[in-house]
Amino acid sequence: MSINLAQLKLSQQQLAEQVSLVDNFNPTIKLIGGTDVGFEQDGTVTRAAIVTLTYPDFAVVEYHIARLETSFPYIPGYLSFREYPALLNAWQQLKQKPDLLLVDGQGVAHPRRLGIASHLGLLLDMPTIGVAKSKLCGQYEVQPKLAGKVTPLLDKQEQIGWVLQSKNNCNPLFISAGHKISQISALHWVKQCLRGYRLPEPTRWADAIASNKPLFRKFNHAK
DNA sequence: GCGACAG
DNA sequence: ATCTTGTCGC
């Protein structure tokens, strides 16, 4: 396949104009979702996992795994084009849609303000939050690795997200609004989902499911 | 030209 | 992202 990056860049810029940084959802959340994407067989197969958990108890309600042939390479700044097809597939299998979705990757903390969380939020018309394990762009003041520390992630004069120390002695998380949510609410909800681990529960479960980690194995064995 | 660069 | 055991530190 041939890839026209200039075209994709334009597409991102146009879509970014439609992203809403206004809370446009019912803040009384009953279900919260998480996503994670992995790859198999040298990257030829994309595996996307989506989980729905109850809130605030975080009991697993439903999860789905979609396996699709990988159709796009990894290019920094264009991650969503590689991962959203599999995520859409997994989403369509959900019987109960969550009220809010935590997506692994950036929201508007992106060079063109359209990270995968924002892109997916637009495609699904859902409130989303970007929860990334590393930085794509922006600057911030390095903080002591004490749980709870938060500092703004800046690009020039603009705040594009937050750097959150979710747990002691761990690398921080990069939180940003995805779609239909404000920056301050994005930070708020991620904090509400922390239970002593570096990753918020929806992301932690999606990660465990996508990679068949011990947390997920125990869950399967228990039922 | 050089370094940075979600997953 | 993925291939992979033990090991060090809190």
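Every chain is numbered from 1, with letters handed out A, B, ... down the list of sequences. Note that the structure is a prediction, hence the values are computed from the model and not measured.
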- Query: How are the rings of A/Phe72 and A/Phe81 set to each other: parallel, tilted or perpendicular (split at 30° and 60°)?
  - Reply: tilted
More than 12 heavy atoms from other groups under 6.0 Å of NZ on A/Lys30:
no
At under 4.0 Å between heavy atoms, what does A/Ile116 touch on the DNA or RNA strands: base, sugar-phosphate, or nothing?
-> base
Answer with base, sugar-phosphate or nothing: what part of the nucleic acid does A/Tyr78 contact at a heavy-atom distance below 4.0 Å? base
Apart from A/Leu122 itself, members of its ILVMFWY cluster (side-chain separation under 4.5 Å) are A/Leu15, A/Val19, A/Leu21, A/Val108, A/Leu114
Q: Kindly say whether A/Cys170 contributes a backbone atom to a donor-acceptor pair with the side chain of A/Arg198 at under 3.5 angstrom?
A: no
Under 3.5 Å, is there a donor on one side chain and an acceptor on the other for A/Arg112 and A/Gln13? no
* To do: Could you verify whether a donor N or O on one side chain and an acceptor N or O on the other, from A/Asp23 and A/Ser182, lie under 3.5 Å apart?
  => yes
In numerical order, the residues of residues 176-211 of chain A whose heavy atoms come under 4.0 Å of DNA chain B are none
- prompt: Strictly under 6.0 Å, is that where the ring centroids of A/Phe216 and A/Tyr63 end up?
  reply: yes
Open item on the list: So for atom CZ, which belongs to A/Phe25, do other residues, nucleotides or ligands contribute more than 12 heavy atoms lying within a distance under 6.0 Å?
Closed with: yes
With A/Leu53 as partner, the option from A/Val61, A/Leu102, A/Ile32 fulfilling side chain to side chain contact (heavy atoms under 4.5 Å, CB included) is A/Ile32
A/Lys213 NZ to C/dT2 C1', in whole Å, measures 11 Å
Letter by letter from the 5' end, nucleotides 3-10 of chain C scores (B base, S sugar-phosphate only, - none; protein heavy atoms under 4.0 Å) -------S
Atom NZ of A/Lys133 and atom C1' of C/dA1 are separated, to the nearest Å, by 10 Å
- Query: Counting distance only, does the side-chain N/O of A/Gln165 pair as donor-acceptor with the main-chain N or O of A/Leu146 below 3.5 Å?
  - Reply: no
Please evaluate residues A/Tyr84 and A/Trp91 with respect to the criterion ring-ring contact (aromatic ring centres under 6.0 Å, His included), reporting the C-alpha separation (whole Å), side-chain torsions for both, the decisive distance (0.1 Å), and the verdict.
CA-CA 10 Å; A/Tyr84 84 69; A/Trp91 176 263; over 10 Å; no
Secondary structure of DNA chain C per the Watson-Crick/G-U criterion (both distances under 3.5 Å; [ ] crossing, | other strand, . unpaired) is ..........
* To do: Taking the side chain as every heavy atom from C-beta outward, state whether A/Ser20 and A/His179 have any pair of such atoms under 4.5 Å apart.
  => yes
Outer limits of DNA chain B sitting under 4.0 Å from a non-hydrogen atom of chain A, read 5' to 3', are B/dC5 to B/dG7
Any stem touching DNA chain B, meaning at least three consecutive Watson-Crick or G-U pairs under 3.5 Å, ordered by first number, would be none
- Evaluate side chain to side chain donor-acceptor pair (under 3.5 Å) for A/Thr44 paired with A/Asp42, printing each intermediate quantity in order. CA-CA 6 Å; A/Thr44 59; A/Asp42 286 316; over 6 Å; no
Applying a 4.0 Å non-hydrogen cut-off, can you work out what A/Gly77 is touching in the nucleic acid: base, sugar-phosphate, or nothing?
base
Practice prompt. Would you mind classifying the nucleic acid contact of A/Asp42 as base, sugar-phosphate or nothing, using non-hydrogen atoms under 4.0 angstrom?
Written response: nothing
* Taking the six-membered ring for Trp, are the ring centroids of A/Trp162 and A/Tyr140 within less than 6.0 Å of each other? -> no
- Task: Quick one: label A/Tyr74 by what it contacts on the DNA or RNA (base, sugar-phosphate, nothing), any heavy atom closer than 4.0 Å.
- Result: base
query: Is it the case that A/Arg82 places NZ or CZ above or below the six-membered ring of A/Phe39, under 6.0 angstrom from the centre and within 45 degrees of the axis?
result: yes
Original post:
Does A/Lys133 NZ have over 12 foreign heavy atoms under 6.0 Å away?
Top reply: yes
Here the distance between atom C1' of C/dA1 and atom CZ of A/Arg82, to the nearest Å, is 7 Å
